[in-house]
Number of protein chains: 2
Amino acid sequence: MVGLASSIERRNGVSLWRQIADRILQAIANGDFAENAALPPEIALAERYGVNRHTVRSAIAALTQEGVLKAEQGRGTFVMSRKRLSYPIGARTRFSTGLQGQTSERHIALLSSSTEPASRRVAEALDIARGAAVIRLETRGEADGHAVSRATTWFDAKRFAGIETAMAETGSITASLKRFGINDYLRHSTVLSARHADADDLAALDLQPGAIVLVTIAVNVTLDGEPIQFAESRFPAERVELKLSAL
Amino acid sequence: MVGLASSIERRNGVSLWRQIADRILQAIANGDFAENAALPPEIALAERYGVNRHTVRSAIAALTQEGVLKAEQGRGTFVMSRKRLSYPIGARTRFSTGLQGQTSERHIALLSSSTEPASRRVAEALDIARGAAVIRLETRGEADGHAVSRATTWFDAKRFAGIETAMAETGSITASLKRFGINDYLRHSTVLSARHADADDLAALDLQPGAIVLVTIAVNVTLDGEPIQFAESRFPAERVELKLSAL
DNA sequence: TATAGTTGTCTATATCAATAGACAAATTTT
DNA sequence: AAAATTTGTCTATTGATATAGACAACTATA
């Protein structure tokens with residue numbers, strides 16, 4: 001891969017051990033180290049990255065706590081982690097169907113819900129008046145017991161009154177929308193960015209501080225083009241990649 | 001916005017000032033602070049993020065060096081930066097046409113080129129034998145004099161011999177492919193992830209260490225479905241967002 | 001012209017991050 | 001059994017990070 005051995009930056013606000021932990025994660029996701037295989041010994045990694053052995057140990061300690069690596073005294077340090085989930089994005093993006101074949105179990109957990117006045121951004125997306133009541137759902141997507149996404153979703157409160165109950169019962173957006181007479185819907189637009197996870201995402205996604213999240217901001221519409229749902233979703237970049245499919 | 005005031009994480013490998021700088025960048029890109037407007041005073045920011053005023057000053061210092069902010073003694077600290085570029089991704093993704101209307105000038109600069117044996121990943125993508133010769137181009141996308149992308153691109157060396165010369169002359173992938181009889185092509189697949197920028201990206205994209213890059217891995221094909229180009233592109237997350245359009 | 005509000009600079013202190021070296025403990029190889 | 005390899009633990013030192021407080025310099029406003 002490009003620049004596996006490229007140098008590390010100093011005094012930049014990101015500690016060396018965190019940068020090296022990122023590199024190792026990247027290398028694993030890239031397939032540079034096979035699953036269950038041993039990492040190069042600490043001294044070799046220290047030399048490769050141009051740092052002290054103790055610094056490498058800090059990186060390994062962080063990844064061990066995340067469950068990515070496992071060190072065994074006298075033997076070596078081994079790769080535990082599975083490959084990244086590939087999350088498809090397209091016109092018919094749905095949480096459950098998207099991960100079929102990659103996981104055996106998946107659902108959406110409703111963390112909390114509230115009703116609030118629509119912000120400018122939400123009002124524009126849903127094509128309603130600014131300040132009109134909207135229902136806000138905080139959810140977490142789970143696959144095989146692992147958190148793979150954290151989303152904030154808004155619905156027009158007038159049209160979708162009680163959708164939080166439906167979500168709690170069904171664990172599915174698609175199923176909840178059916179109760180309101182919507183049997184099909186399309187992804188209208190998706191905008192993508194990335195940032196460091198905030199405290200809330202860290203807790204909900206079981207990430208170590210400093211982790212990166214992919215952020216999608218999307219609008220779903222009925223077949224008639226009427227906007228029904230606005231959502232901001234965060235995906236842990238170290239566990240998930242987004243695969244763009246036909247819209 | 002969601003969690004603008006959510007708390008900052010400590011002893012996580014990312015320094016507080018870097019985290020706060022990220023937050024401010026995010027807030028600006030979100031439109032929370034208007035262009036040319038004053039930021040809240042340092043004491044207010046310190047209180048909002050729950051840190052010392054000096055820590056906020058470190059964050060502001062970093063953003064000042066990046067040209068995002070400008071502090072004036074006695075008056076306040078002002079937002080210099082423009083909004084993020086929105087980079088469309090879809091079936092007809094092309095660098096130049098994609099940014100039309102957002103910038104007045106754009107082109108691709110060829111940084112270097114080489115011929116190398118195809119790795120497993122490249123060979124599979126281009127549907128050629130592993131180890132067969134491929135041409136590798138290192139390029140930088142520029143818009144209005146600002147670096148907006150950094151890409152590594154591979155072509156089958158047998159079919160596209162001399163394409164590096166075409167790229168250097170035309171500054172365009174589309175124009176270069178025309179010389180090889182390819183008048184149209186489609187984006188076959190795109191996979192998306194994010195990571196911290198490595199040293200090479202930092203230099204090429206004029207980023208401060210610790211910055212995040214969005215990474216796309218894409219295959220372009222002819223109208224017949226024959227793969228012609230494999231590319232990994234990096235976009236600075238603080239300056240660019242990706243807008244998904246129809247594939 | 002005061003006064004309040006804001007950024008700039010300085011000193012001091014405590015903790016985290018990184019380097020350095022030495023040796024113990026466990027495992028594998030010779 | 002001995003040697004080599006690898007992870008684990010300890011001490012010590014240096015520089016970066018973060019907090020705290022005080023005051024100077026500058027700007028806008030009452």
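None of these values were measured; they are calculated from a predicted model. Letters go in sequence order (proteins before strands), and every chain restarts at 1.
- When distances run from any side-chain atom of A/His54 to the nucleotides D/dT9, C/dA18, C/dT7, the shortest one goes to D/dT9.
- Here D/dT6 presents its C1' atom at 12 Å from CG of A/Leu45, a figure rounded to the nearest Å.
- Remark: B/Arg53 is not in phosphate contact with D/dA20, judged by side-chain N or O atoms under 4.0 Å from OP1 or OP2.
- Nearest to the side-chain atoms of B/Ala71 among the listed nucleotides C/dT19, C/dT7, C/dA25 stands C/dT7.
- Residue B/Val79 forms a side chain to side chain contact (heavy atoms under 4.5 Å, CB included) with just one option from B/Ile28, B/Leu63, B/Ile24, and that option is B/Ile28.
- Of the two residues contacting DNA chain C, namely A/Glu72 and A/Asn52, the nearest-nucleotide position lying further toward the 5' end is that of A/Asn52.
- Protein atom CH2 of A/Trp17 is 15 Å distant from nucleotide atom C1' of D/dA16, rounded to whole Å.
- In this structure, B/Leu39 places its CG atom 19 Å from P of C/dG5, rounding to the nearest Å.
- The distance from atom CZ of A/Arg18 to atom P of C/dC16 is 16 Å, rounded to the nearest whole Å.
- Here the side chain of A/Gln73 is nearest to one of D/dA18, D/dG8, D/dA24, namely D/dG8.
- At the phosphate of C/dG8, OP1 or OP2 sits under 4.0 Å from a side-chain N or O atom of B/Arg57.
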Decide yes or no on side chain to side chain contact (heavy atoms under 4.5 Å, CB included) for A/Ile217 and B/Glu241, but give the supporting numbers first. CA-CA 11 Å; A/Ile217 293 178; B/Glu241 63 187 16; over 6 Å; no
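- Distances from the side chain of A/Thr55 to the nucleotides C/dA18, D/dG8, C/dT27 place C/dA18 closest.
- Taking atom CD1 on A/Ile60 and atom C1' on D/dT6, their separation rounds to 11 Å, with Å as the unit.
- Residue A/Ser15 places no side-chain N or O under 4.0 Å from the OP1 or OP2 atom of D/dA16.
- By the 4.0 Å N-to-carboxylate-O rule, B/Asp201 lies close enough to B/Arg195 to be salt-bridged with it.
- Here the C1' atom of nucleotide C/dT15 and the CG atom of B/Leu16 are 12 Å apart, to the nearest Å.
- For A/Glu47 and D/dT5, the CD to P distance is 14 Å, given to the nearest whole Å.
- The distance from atom CD of B/Glu42 to atom C1' of C/dT9 is 12 Å, rounded to the nearest whole Å.
- For the atom pair B/Arg18 CZ and B/Thr55 OG1, the distance stands at 14.0 Å (nearest 0.5 Å).
- Taking 4.0 Å as the cut-off between side-chain N and carboxylate O, A/Arg136 and A/Glu138 count as a salt-bridged pair.
- Here B/Ser58 lies out of heavy-atom contact (under 4.0 Å) with every strand.
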